[in-house]
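Numbers here are sequence positions counted from 1. Predicted model, so just to flag it, every value in this text is computed and none were measured.
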Amino acid sequence: MYQVVPGGAGGTITDVIPKQKHTKDTRRLVGAGVIGLFLVIAAVTAWCYYIASLRKAELLKTQLLDLNKDGYIIRNQGGSIVFRMDFRLPIFTHDFFYVWTLDLDSCSKEEEILRCGRTTDRKLKFFIKTVRPKDTVQCYRVRWEELVPDIPVEHAMTYKFAHWYGGAVSAIQHWPISLSGQQAPKPFVTSDIYSNRDEFGGILESYWLSSNATAIKINNSVPFHLGWNDTEKTMYFQARYHDTPFKPNLGEAPCAELSYRVCVGSDVTSIHKYMVRRYFNKPYKVPAKVMFEHPLWSTWALHKRDIDQEKLLTYAANIRKYSFNCSHLELDDRYTKHYGDFEFDPVKFPNASEMFQKLKSDGFLVSLWIHPFVNYDSENFHTLVERGLFVREPTGRLPALVHWWNGIGGILDFTNPEARDWFASQLRSLRSKYGVSSFKFDAGETNYLPWKFSTKNHIRDPSFFTRRYTEMALHYNDRAELRSGYQSQNISCFFRPIDRDSVWGYELGLKSLIPTVLTISILGYQFILPDMIGGNAYLNHTSGERALPDKELYIRWLELSAFMPSMQFSIPPWEYGNEVVEIARKYTAIHESIVAPRVLELAGEVLDTGDPIIRPLWWIATGDETAYKIDSQFLIGDDLMVAPVLEPGKQERDIYLPAGHWRSYKGERFDIKEALHLTDYPVDLDEIAYFVWV
């Protein structure tokens, strides 16, 4: 369209203007300006966001740790990821929906401490503090504390980056740890794994160590539950107070707190040494020297409960007849009429005092089997009920009846000083009356407590009951024996893995012995009494045609036990004939002359260092991937390597020699700059392969 407008004095001017075209150009220019302005604003915003992100990323770093809303990672000095912990996915709890995603806007950094004040839906207290205790160690203190009662805290540790060790003994023991299937977090407390094979064992500490020089120690104050998912290669570390035997302190709300320390070192051996020195109790004395030199002889596997005065005296006479040494003779279950009595059954032991005098004159010291239970048919039961010395049901008004492998009764409350005094007085009486040298303290695991219970003195962690029970062995620790332990390294006596079956395999069999001893050692328990040579010969749990364990199994078990800190017989060698008697004499002599001197020297060092006596191969081969996985060889100290035969029908085995200078028991020399595999190395039935560092 064109528009005609009036002209000036000189006439008319016809001005042709494309009006609509001018409007479109103007709009385009305006639009371009708006877009340009938007792009500038967007660029500035993006730049600001980028700068803020850099600052936030820098804020959420401390040393070699990177925190994000879902968890954190830790790198080593070379930049490789060595540890990853995730905050678990959302879950429903008591009809509420909670998430474990941190609100990063609530986080701040103060020097070496990262703090966050809330998740995306609630307040909490969370911090990570960096600590560098020495040049080669970097540690992180982590704490997540809920402010709302009954909300569990759960962190998920990825274990696919390395091999892991520690935690607890188990019925099926592997080295390194081998987890199978999926397990929801369950209370991490001591349990009798002979009767409860899917539970955690009687010796347990919340400590794990990895081959990439990373270690984690859960604080003892945590109501700790452990689960796993083998498919995802994840261990679940959970703190909670609902549906659990853990209890908060009196007067405190049940607000869960998960706190722990993660430390990274230069190698697996050095980081473990640091953790043991920093976080573990240590023994204050070494048990009696003779316990390391001469075998202990127990009546249990041979006679079970069918023991009496005549059989005990015959057993002792045969030990002398066949010219064996004896650190002491252990009279096991059952020498009393009722469980909970502290006097000899007059029918089975008609002249107990005379029997002890006879044994003493023949050079035998005697220890007795004891336990924390008092059955309802014992005269002591009614006395202890009246005095209130048993663990009680949750209200505290009535004693709790418990079922154990020998019946039903009460369990003494070892948090109660009066109960401890009563129990101690019974032991003193036995020692005074008969000259008893020491005691085998059986049981003590928390699975024998009711799920809900009360004690004289409040305990948050059920396993602290185990600790209190082990303290009863302190006055007898020269020769005492315990099978359960929690924070009990300083009891300073021998700890025994739970009963082994007379079988070859990893489930409480011969193959489980080395992984179990290595695990106990890593947990700080160095004075180890392996179970009875040949196992316990339980019905339906024994390899062999007779009631006795298989002869070959017995010999291989005997050979392995000779290289442990101590030896324990029950089924005697003479049950198999002269050949086995001669083999037993050979290996008790090797134990006394070669093994015991080394072990005693290392035992003295344990008091200061806590270092293992029985060590894995990676102890001296810290960068060796193969050494991390070997579960059928071990070291005594750094200079004696042992490789027993653990397979039936075999008179050879493959042996892995770390780099170094070794001499075999046959006199062969191996001077090797790199690790060496000896394949099908011959080992006769009466031999065990061992190598000494030269």
Candidate pair Phe188 and Trp208, rule ring pair (Phe, Tyr, Trp, His ring centres under 6.0 Å), full reasoning: CA-CA 13 Å; Phe188 191 69; Trp208 288 267; 5.5 Å; yes

Worked verdict on Phe373 versus Tyr339 for ring pair (Phe, Tyr, Trp, His ring centres under 6.0 Å): CA-CA 7 Å; Phe373 309 103; Tyr339 293 106; 9.3 Å; no

Glu393 vs Lys452, salt bridge (charged side-chain N to carboxylate O under 4.0 Å, His left out): CA-CA, chis, key distance, verdict: CA-CA 7 Å; Glu393 44 78 42; Lys452 297 289 186 179; over 6 Å; no

Arg483/Asp192 under salt bridge (charged side-chain N to carboxylate O under 4.0 Å, His left out): CA gap, chis, key distance, verdict: CA-CA 9 Å; Arg483 83 171 195 190; Asp192 175 351; 3.2 Å; yes

Derivation of the side chain to side chain contact (heavy atoms under 4.5 Å, CB included) call for Glu471 and Ile491: CA-CA 6 Å; Glu471 289 170 358; Ile491 301 302; 4.0 Å; yes

From CA spacing to verdict: ring pair (Phe, Tyr, Trp, His ring centres under 6.0 Å), Phe344, Tyr434: CA-CA 10 Å; Phe344 282 84; Tyr434 299 107; 5.0 Å; yes

Step-by-step side chain to side chain contact (heavy atoms under 4.5 Å, CB included) determination, Arg141 to Ile128: CA-CA 5 Å; Arg141 290 180 55 202; Ile128 299 177; over 6 Å; no

Verdict with reasoning, Glu481 to Asp442, per side chain to side chain contact (heavy atoms under 4.5 Å, CB included): CA-CA 8 Å; Glu481 169 189 335; Asp442 214 353; over 6 Å; no

Lys186/Asp243 under salt bridge (charged side-chain N to carboxylate O under 4.0 Å, His left out): CA gap, chis, key distance, verdict: CA-CA 10 Å; Lys186 60 183 179 180; Asp243 188 28; over 6 Å; no

Stepwise salt bridge (charged side-chain N to carboxylate O under 4.0 Å, His left out) test for Asp499 and Arg496: CA-CA 8 Å; Asp499 302 17; Arg496 173 183 64 88; 2.9 Å; yes

Side chain to side chain donor-acceptor pair (under 3.5 Å) between Thr101 and Thr120, worked out: CA-CA 6 Å; Thr101 301; Thr120 53; 5.1 Å; no

CA sep, side-chain torsions, deciding dist, call: Trp228, Lys233, side chain to side chain contact (heavy atoms under 4.5 Å, CB included): CA-CA 8 Å; Trp228 59 85; Lys233 303 301 179 186; over 6 Å; no

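Of the inter-residue distances, the one linking Leu124 atom CG with Ile151 atom CD1 reads 9.0 Å to the nearest 0.5 angstrom. A distance of 8.0 Å separates CZ in Phe127 from OG in Ser259, rounded to the nearest 0.5 Å. Here the straight-line distance linking atom OG of Ser378 with atom CD of Glu343 works out to 12.0 Å at 0.5 Å rounding. Rounded to the nearest 0.5 Å, atoms CD1 (Ile203) and CD1 (Ile498) are 9.5 Å apart. With rounding to the nearest 0.5 Å, the separation of CD1 in Ile172 from OG in Ser180 is 7.0 Å.
In the model, Tyr194 has a side-chain atom that pairs as donor or acceptor with a side-chain atom of Asp501 under 3.5 Å. One side chain, Lys285 or Asn477, offers a donor N or O that lies under 3.5 Å from an acceptor on the other. Of the N and O atoms on the side chains of Ser367 and Ser437, not one donor lies less than 3.5 Å from an acceptor on the other residue. Between the side chains of Arg500 and Ser512, at least one donor N or O lies within less than 3.5 Å of an accepting N or O. Side-chain contact annotation: Trp404 with Asn375, donor-acceptor N/O pair under 3.5 Å present. Checking His338 against Asp341 by side-chain atom types alone, a donor-acceptor pair falls below 3.5 Å. A side-chain donor from one of Arg261 and Asn219 sits under 3.5 Å from a side-chain acceptor of the other. Using modelled atom types and a 3.5 Å distance limit, the side chains of Tyr72 and Asp86 yield no donor-acceptor pair. When only modelled atom types and interatomic distance are considered, Asn457 and Thr415 share no side-chain donor-acceptor pair under 3.5 Å. When only modelled atom types and interatomic distance are considered, Tyr335 and Asp308 share no side-chain donor-acceptor pair under 3.5 Å. Looking only at atom types and distance, the side chain of Thr244 has a donor-acceptor partner in the side chain of His225 under 3.5 Å away. Judged purely by distance below 3.5 Å, without hydrogens or angles, the side chains of Asn536 and Trp300 pair a donor atom with an acceptor atom. No donor-acceptor contact under 3.5 angstrom links the side chains of Asp461 and Asn220, judged on distance only.
A salt bridge links Glu507 with Arg197; the closest basic N to acidic carboxylate O contact falls under 4.0 Å.
Taking the side chain as every heavy atom from C-beta outward, Ile411 and Phe390 never approach each other to under 4.5 Å. You'll find the side chain of Pro450 reaches within 4.5 Å of the side chain of Val402, heavy atoms only. The shortest side-chain heavy-atom distance between Ile307 and Leu331 falls under the 4.5 Å cut-off. Contact check for Phe494 versus Ile528: no side-chain heavy atoms found under the 4.5 Å cut-off.
Scored by the salt bridge (Lys or Arg N to Asp or Glu O under 4.0 Å) test, Arg431 finds no partners at all (sequence neighbours excluded).
Taking both residues in full, the closest heavy atoms of Val436 and Leu430 are given as CG2-O, 3.5 Å, listed atom of the first, atom of the second, then distance. Closest approach of Ile193 to Gly201, counting heavy atoms only: CG2-CA, 3.5 Å. Between Phe465 and Val391, the closest heavy-atom pair is CE1-CG2, 3.9 Å. Heavy atoms only, all atoms of each residue included: Arg397 and Arg392 are closest at O-NH1, 2.9 Å. Shortest non-hydrogen contact noted between Tyr260 and Ile216 is CD1-CD1, 3.7 Å.
Checked options Ser221, Pro248, Pro245; the residue passing with Arg460 is Ser221 (criterion: side-chain contact (heavy atoms from CB on, under 4.5 Å)). Each of Pro530, Pro497, Ser170 was compared with Thr516 under the side-chain contact (heavy atoms from CB on, under 4.5 Å) criterion, and only Pro497 meets it. Checked against His155 for a ring-ring contact (aromatic ring centres under 6.0 Å, His included), the options Phe237, Phe224, Tyr236, Trp144 give a single hit: Trp144.
Cation-pi geometry between Lys247 and Phe453 is met: under 6.0 angstrom from the ring centre, within 45 degrees of the axis.
By the 30° and 60° cut-offs, the orientation of the rings of Phe280 relative to Tyr207 is perpendicular. Ring planes of Tyr506 and His174: tilted class, angle from 30 to 60°. The aromatic rings of Phe414 and Tyr469 are tilted relative to each other, their planes meeting at an angle between 30° and 60°.
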